[in-house]
> 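Pasting a structure here, questions to come.
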Amino acid sequence: MKIALIGYGKMGHIIERIALERGHDVVCKIDKDNPEDFNSADFCTADVAIEFTTPQTAVANIRRAWTDGLPVVCGTTGWTEVLPELKKELARNGNALFWTSNFSIGVNLFFELNRQLSHLLQPYPQYQPSITEIHHVHKLDAPSGTAISLAQDIQFPTIDIESIREGEVPGTHIVRYESIVDSIEIKHEAKNREGFALGAVIAAEFIKDRQGFYTMQDLMKIER
């Protein structure tokens, strides 16, 4: 499979290494210094584009890749208010988009634990849920897309989210239910960015030759 990387920062470098290890070719690498390479012959030869950039540029990058008929795996968060519009475009143009707030297999299992815990605690309103997310100081959006996804799956009237930015923390998410007599807590702590990058490459393998909108729930449902 031929991959075009849109965004060649730390994540882009890790994605490149993992893609090569899995036998794929990275035929084009586009970053803020070479946007003209969207028009290159190499970009047009790709089978799929993997996009990890910024909330301000992600939507334009997705649409630009669609112009050449490339399915897009997008790991950028902080722009999803535009997602309903892009889904409508997908229905018209026959392209493909794979987006998720977090590509880690472990985080997506954590999502399922979060949904189950929320369901179990529905009859007990004495528990108040909260989410703490901790990321590196370079992360541009707060709260994180993962924290927002966790909150959307918690069926309680109010949910407090605390965002912390410190050092080079890859990503930690804590869901806590507090009552006056006890507390219940689940936690996912990423040790590095490898899990996110591997998930993105697996998503690219999944979306190649498909049309429509997909998430990690679609991918993991098929793998089970």
> Just by distance, with hydrogens left out, do Thr146 and His188 show a side-chain donor and acceptor under 3.5 Å apart?
no

> Please give me the minimum heavy-atom distance between Cys28 and Asp37, naming the atom from each residue.
SG-O, 4.0 Å

> Under a 4.0 Å N-O cut-off, is there an ion pair linking Asp141 with Lys139?
yes

> Val72, Leu83: one ILVMFWY side-chain cluster at the under-4.5 Å cut-off?
yes

> Counting C-beta onward and ignoring hydrogens, is there a side-chain heavy-atom pair between Asp218 and Phe98 closer than 4.5 Å?
no

> According to ring pair (Phe, Tyr, Trp, His ring centres under 6.0 Å), does anything in residues 13-36 pair up with another residue at least two apart or in another chain? List the pairs.
Tyr8-His13

> If the condition is ring-ring contact (aromatic ring centres under 6.0 Å, His included), which residues does Phe111 pass it with, not counting sequence neighbours?
none

> Provide the closest heavy-atom pair for Ser144 versus His135 in the form atom of the first, atom of the second, distance.
CB-CE1, 3.6 Å

> Would you check if the side chain of Glu133 reaches a backbone N or O of Ser163 as a donor-acceptor pair within less than 3.5 Å?
no

> Do Ile14 and Met1 share a hydrophobic cluster, counting only Ile, Leu, Val, Met, Phe, Trp and Tyr and linking them when any side-chain heavy atoms are less than 4.5 Å apart?
yes

> With rounding to the nearest 0.5 Å, note down the distance linking CD1 in Ile30 to CG in Leu5.
9.0 Å

> Thr45 and Asp42: side-chain donor and acceptor closer than 3.5 Å?
no

> Could you pull out the closest heavy-atom pair between Ala204 and Ile50, with the gap in Å?
CB-CD1, 3.9 Å

> How many angstroms lie between CG in Asn61 and CD in Gln56, if you round to the nearest 0.5 Å?
11.5 Å

> Between Tyr177 and Phe156, is the side chain to side chain contact (heavy atoms under 4.5 Å, CB included) condition met? List the steps.
CA-CA 11 Å; Tyr177 288 83; Phe156 276 67; 3.8 Å; yes

> A side-chain contact here means heavy atoms from C-beta on lying under 4.5 Å apart; do Ile134 and Thr132 qualify?
yes

> Do Ile3 and Asp25 have side chains that get closer than 4.5 Å, going by heavy atoms?
no

> Check Asn114 against Leu150 and note the closest heavy-atom contact, atom names and distance.
ND2-O, 3.1 Å

> For the backbone of Gln155 and the side chain of Ser118, can you confirm whether one donor and one acceptor N or O come within less than 3.5 Å of each other?
yes

> Determine whether a donor-acceptor pair (N or O, by modelled atom type, separation under 3.5 Å) exists between the side chain of Asp31 and the backbone of Asp33.
no

> Which class fits the ring pair Phe38 and Phe43: parallel under 30°, tilted 30 to 60°, perpendicular over 60°?
perpendicular

> Look at the side-chain heavy atoms of Ile, Leu, Val, Met, Phe, Trp and Tyr, link any pair under 4.5 Å apart, and say whether Leu121 and Ile186 land in one connected group.
yes

> Give a yes or no on whether a salt bridge exists between Glu85 and Arg63, defined as a side-chain N under 4.0 angstrom from a carboxylate O.
yes

> May I ask whether Met216 and Leu90 are part of the same hydrophobic cluster, defined by side-chain heavy atoms of I, L, V, M, F, W, Y residues being less than 4.5 angstrom apart, directly or through others?
no

> I need the Leu120 CG to Arg115 CZ distance, nearest 0.5 Å.
13.5 Å

> Considering only heavy atoms from C-beta outward, does the side chain of Ser130 approach that of Ile161 to under 4.5 Å?
no

> Does Glu51 come within less than 4.0 Å of Arg64, counting only side-chain N to carboxylate O?
no

> Are any non-hydrogen side-chain atoms of His138 and Lys10 less than 4.5 angstrom apart?
yes

> Do the side chain of Asn34 and the main chain of Lys29 share a donor and acceptor less than 3.5 angstrom apart?
yes

> Can Thr54 and Thr57 be counted as having a side-chain donor-acceptor contact under 3.5 angstrom?
yes

> Answer whether the closest heavy-atom distance between the side chains of Ile174 and Ile131 falls below 4.5 Å.
no

> Using only atom types and a distance under 3.5 Å, with no angle test, would you say the side chain of Asp68 pairs donor to acceptor with the backbone of Leu70?
no

> Between Ser183 and Arg176, does any side-chain donor sit less than 3.5 Å from a side-chain acceptor?
yes

> Count the heavy atoms of every other residue, nucleotide or ligand shown that sit under 6.0 Å from NE2 of His136, and state whether that count exceeds 12.
yes

> Distance check, rounded to the nearest 0.5 Å: Leu117 atom CG versus Ile154 atom CD1?
8.0 Å

> Angle class for the Tyr124/Tyr127 ring planes (parallel below 30°, perpendicular above 60°, tilted otherwise)?
perpendicular

> So, for Val48 and Pro71, which heavy atoms are closest and what is the spacing to 0.1 Å?
CG2-O, 3.3 Å

> Can you name the nearest heavy-atom pair linking Trp66 to Ala96, along with the distance?
NE1-O, 3.1 Å

> Report yes or no: do Met11 and Val107 belong to one cluster of Ile/Leu/Val/Met/Phe/Trp/Tyr joined by side chain heavy-atom distances under 4.5 Å?
no

> Under 4.0 Å between a side-chain nitrogen and a carboxylate oxygen: does that hold for Glu189 and Lys187?
yes

> Please report the interatomic distance CZ(Arg22) to CD1(Ile202), rounded to the nearest 0.5 Å.
4.5 Å

> Between the main-chain N or O of Ile105 and the side-chain N or O of Asn108, is there a donor-acceptor pair closer than 3.5 Å?
no

> Check the orientation of Phe52 and Phe103. Use parallel for under 30°, tilted for 30 to 60°, and perpendicular for over 60°.
tilted

> Roughly how far, to the nearest 0.5 Å, is the CH2 atom of Trp99 from the OG1 atom of Thr80?
5.0 Å

> Is there a side-chain contact between Leu198 and Glu194 in this structure, where contact means two heavy atoms from C-beta onward sitting under 4.5 Å apart?
no

> Are the side chains of Thr53 and Trp79 in touch, meaning some heavy atoms are under 4.5 Å apart?
no

